[in-house]
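Per chain, numbering begins at 1; letters A, B, ... match sequence-line order.
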Amino acid sequence: MRIAEVAMPVPLEKAFDYEVPPALAASVAPGSRVRGPFGPRTLVGFVLSVRDGEPTRELKPLAKAMDPEPLLTAEQMALARWLAVRYCAPIGECVRSLVPPSLRSAMRPVFLPKAGPLPEPPEAPPAGFELTAGQSASFKRLDALLEARRYAAALIHGVPASGKTEVYLRLLRRAARGGGQALFLVPEIALTKPFFAEFSAGMGLPVALWHSGVGAKAKREAWLGLRAGSVRVVVGARSAALLPFKDLRLVVVDEEQDESYKEDDNAPYYHARDVVMERAKTAGALVVLGSATPSLESYSLAVPGGPVELLRMDERVAKGTPPPVVRVLARRGLERDCLSPELLAAVKERLQLREQVILLVNRRGYSNFVMCQGCSWVARCPTCAVAFVHHKGAAADLQDLFAGPAGYSLLCHHCGKDEPVPAVCGRCGKGPLKFSGVGTQKVVEELRSKLPGARVLRMDGDSTAGEKATEAGVWGAFRDGKADILVGTKLVAKGYHFPRVTLVGVVDADTMLSMPDFRAAERTVQMLVQAAGRAGRADKAGLVILQTAQPAHYAIQSVARGDYAGYAREELGLRRDLRYPPAASLARLLFLGKTEKATRAAGEAVAEALRAGSSDPDAVLGPAPGVHSKFEDWWRWHVLVKAADPAKLAEAVAAAKAVPLPSGVRVKVNVDPYDMF
DNA sequence: AGCACGCCGACT
DNA sequence: GTCGGCGTGCTC
Ligand SMILES: [Zn+2]
Ligand SMILES: [Zn+2]
């Protein structure tokens with residue numbers, strides 16, 4: 001009997017065997033879209049493999065082959081299997097993620113177009129462009145790697161405005177010659193209409209656009225065109241990493257540290273950078289990663305003799321421009337005002353020059369950390385090294401245990417450790433301790449009183465649906481010069497540039513360093529370097545003034561010295577000691593339930609089972625309530641599992657999935673997560 | 001995830 | 001006496 005192994009679009013680990021009726025045998029192959037009975041209903045799934053043999057159980061026959069040819073390529077089927085293993089995700093969901101919804105379950109057959117005549121990109125770059133020495137050296141090296149037509153990966157570590165984009169453009173154009181295909185990954189936030197228009201014009205041949213907002217028809221056209229090889233260049237956000245290619249030769253990942261490349265909401269929880277590197281290996285293509293602040297994931301691979309080649313671009317294109325300056329203002333945290341006299345003076349000076357200022361303030365809510373105002377010690381979990389969060393008795397039963405004077409306690413959101421609030425500093429034994437950071441409201445009030453007459457806009461950026469419109473209004477008003485100072489929670493906004501901003505003030509770097517997340521320092525460094533790159537103009541150096549009570553912190557020191565390599569070395573050492581990515585593999589098992597009791601019980605049961613069955617119980621952390629302990633009526637608790645490598649992690653995750661959960665509780669498994677809240 | 005089957009409460 | 005609540009279990 002001919003048997004087809006079929007992945008159905010359900011969140012189940014396994015695939016299902018079906019009998020292939022002789023009439024369908026000719027059109028059922030790996031990658032074929034097929035319809036078959038599934039319990040009481042019928043579903044459209046994808047064939048993983050076909051074999052002849054004796055069934056070990058009674059099989060139902062497939063009802064139909066949907067298309068004349070397999071919709072998915074062999075490479076895509078292999079990719080689906082890789083996704084399922086790498087991210088501990090159900091195979092059906094992995095296959096599903098590779099097909100746009102309009103093609104996934106279409107009842108009409110999908111005909112694959114044949115590639116027509118292929119337009120060639122213009123050989124010569126547009127005139128009037130002289131590359132800098134740094135651009136030229138990077139381009140030459142990368143072009144040689146591209147010409148070799150073998151798998152290779154390179155990381156361009158280039159200061160902001162070093163002209164990485166021009167290097168990408170020339171490489172992409174080269175890759176698209178002779179039938180080749182190229183993928184340009186761009187962070188969601190940078191993928192604007194003007195950007196796409198300029199990029200398409202620069203390429204000199206049709207470019208497909210791919211992101212979540214692209215309509216069904218355009219997606220279908222792009223997907224089929226790439227599959228056939230007639231579409232040669234595609235620019236897209238995260239999900240473009242999952243597109244089909246006929247002859248992939250180059251992938252460029254711009255701003256490779258950008259967290260929008262990680263799918264953190266739905267299975268498969270993939271990282272686009274990992275996906276394109278895997279695909280480039282099979283296709284024999286070149287991957288170029290670019291960043292001013294490389295992720296530790298990439299940077300740790302870009303060592304001499306390592307799998308990624310490091311290229312540096314330290315020189316800015318506009319050579320006359322003075323480099324941005326980062327000034328560290330040490331504060332003790334005792335001050336009543338949140339804006340130091342030095343910062344205020346700098347703001348005043350910029351306003352007199354009719355320039356603009358952005359003051360960055362962290363979002364509040366999860367930023368209630370505990371810091372000593374005497375010695376700047378921060379209360380951190382001894383096992384996780386993550387800042388404790390100062391909680392107003394979250395769970396009633398916890399409150400009973402640790403009813404301090406005011407019913408507060410310290411909670412580690414990684415492992416769930418719960419401690420009474422200390423009376424004195426854990427380092428100097430004195431104090432006083434302070435319990436919260438600064439909010440935008442307070443900064444605005446202070447500006448009003450100390451700089452009367454300055455036009456101030458405030459942006460809290462909770463980015464809820466209702467606030468999207470007002471948010472755009474604020475960014476627009478600031479760009480149009482309707483205010484001098486923007487007090488906000490983020491530095492970049494989709495489609496906005498602020499050439500008149502010459503000063504970025506980071507009001508409270510300590511809050512960012514003390515976010516309850518093992519990546520807090522990495523994010524702080526990236527934000528500060530990006531801020532420095534964004535402030536300033538062609539004729540004027542940008543200035544970043546950051547206020548911190550921890551001027552000696554390794555992250556702050558590295559930024560002040562402009563020593564990213566030093567920072568990365570230090571951080572990587574810590575990640576190794578504490579077994580966090582990229583030095584180890586990490587899974588976040590997020591439990592979602594309608595009642596807190598059941599949700600927590602699920603976490604407890606799984607954590608207990610994992611610890612009992614493991615020779616390394618310290619590798620299991622939690623359960624702990626999420627930083628967002630409840631979202632849209634769902635309670636959230638999580639368990640973290642660490643492992644030396646992905647294979648060991650997969651074993652632990654499999655064991656976790658075998659634990660029966662209380663009814664009404666779901667679990668989401670996120671491997672190497674970025675979202676820890 | 002769906003979808004059916006199951007066994008207890010309050011309706012015509 | 002049935003209609004329907006959603007707990008539990010299975011899907012080749
Ligand atoms: Zn102290
Ligand atoms: Zn902890």
**Q** Please classify the nucleic acid contact of A/Tyr18 as base, sugar-phosphate, or nothing, using heavy-atom distances under 4.0 Å.
**A**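 Counting heavy atoms under 4.0 Å across all strands, the contact made by A/Tyr18 is with sugar-phosphate only.
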**Q** Could you check how far CG of A/Leu43 sits from P of C/dC12, rounded to whole Å?
**A**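 From A/Leu43 CG to C/dC12 P: 9 Å.
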**Q** Taking CG from A/Leu661 and C1' from B/dA1, how many angstroms apart are they, rounded to a whole number?
**A**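 Taking atom C1' of B/dA1 as the reference, CG of A/Leu661 is at 15 Å.
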**Q** Using whole Å, what does the distance between atom C1' of nucleotide C/dG5 and atom NZ of A/Lys594 come to?
**A**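 That distance rounds to 17 Å.
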**Q** A/Ser663 side chain N/O closer than 4.0 Å to the phosphate oxygens (OP1, OP2) of C/dT8?
**A**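 So the side chain of A/Ser663 is within the cut-off, an N or O lying under 4.0 Å from OP1 or OP2 of C/dT8.
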**Q** Looking at CD of A/Glu632 and CG of A/Leu592, how far apart are the two atoms once the value is rounded to the nearest 0.5 Å?
**A**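 Those atoms lie 10.5 Å apart.
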**Q** Base, sugar-phosphate, or nothing for A/Ile3, non-hydrogen atoms under 4.0 angstrom?
**A**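 It contacts nothing in the nucleic acid.
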**Q** Rounding to an integer number of Å, can you tell me how far A/Glu58 CD sits from C/dC12 P?
**A**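 About 11 Å, once rounded to whole Å.
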**Q** Rounded to whole angstrom units, what separation is found between the NZ atom of A/Lys14 and the P atom of C/dC12?
**A**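 Taking NZ of A/Lys14 and P of C/dC12, I get 10 Å after rounding.
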**Q** Starting from C1' on B/dA1, measure out to CZ on A/Arg666 and report it in whole angstrom.
**A**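 Rounding to the nearest Å, CZ of A/Arg666 and C1' of B/dA1 are 10 Å apart.
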**Q** Just to be sure I understand the rule, does A/Pro11 reach a base, reach only the sugar-phosphate, or reach nothing, if contact means heavy atoms closer than 4.0 Å?
**A**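 Contact class for A/Pro11: base.
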**Q** Ring centres of A/Phe518 and A/Tyr580 under 6.0 Å apart?
**A**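 Distance test on ring centres: under 6.0 Å, yes.
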**Q** Classify A/Pro37 by what it touches in the nucleic acid, base, sugar-phosphate, or nothing, heavy-atom distance under 4.0 Å.
**A**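 Sugar-phosphate contact only.
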**Q** I need the CG-P distance between A/Leu592 and B/dA1, as an integer number of Å.
**A**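 After rounding, the gap between these two atoms is 10 Å.
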**Q** Counting N and O atoms only, with roles assigned by atom type, does the side chain of A/Arg2 sit under 3.5 Å from a partner on the main chain of A/Pro22, one being a donor and the other an acceptor?
**A**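 A pair under 3.5 Å: no.
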**Q** Which whole-number value in Å describes the distance from A/Asp17 CG to C/dC12 C1'?
**A**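 Taking CG of A/Asp17 and C1' of C/dC12, I get 6 Å after rounding.
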**Q** Is the closest basic N to carboxylate O distance between A/Glu259 and A/Arg523 below 4.0 Å?
**A**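 A/Arg523 and A/Glu259: salt-bridged.
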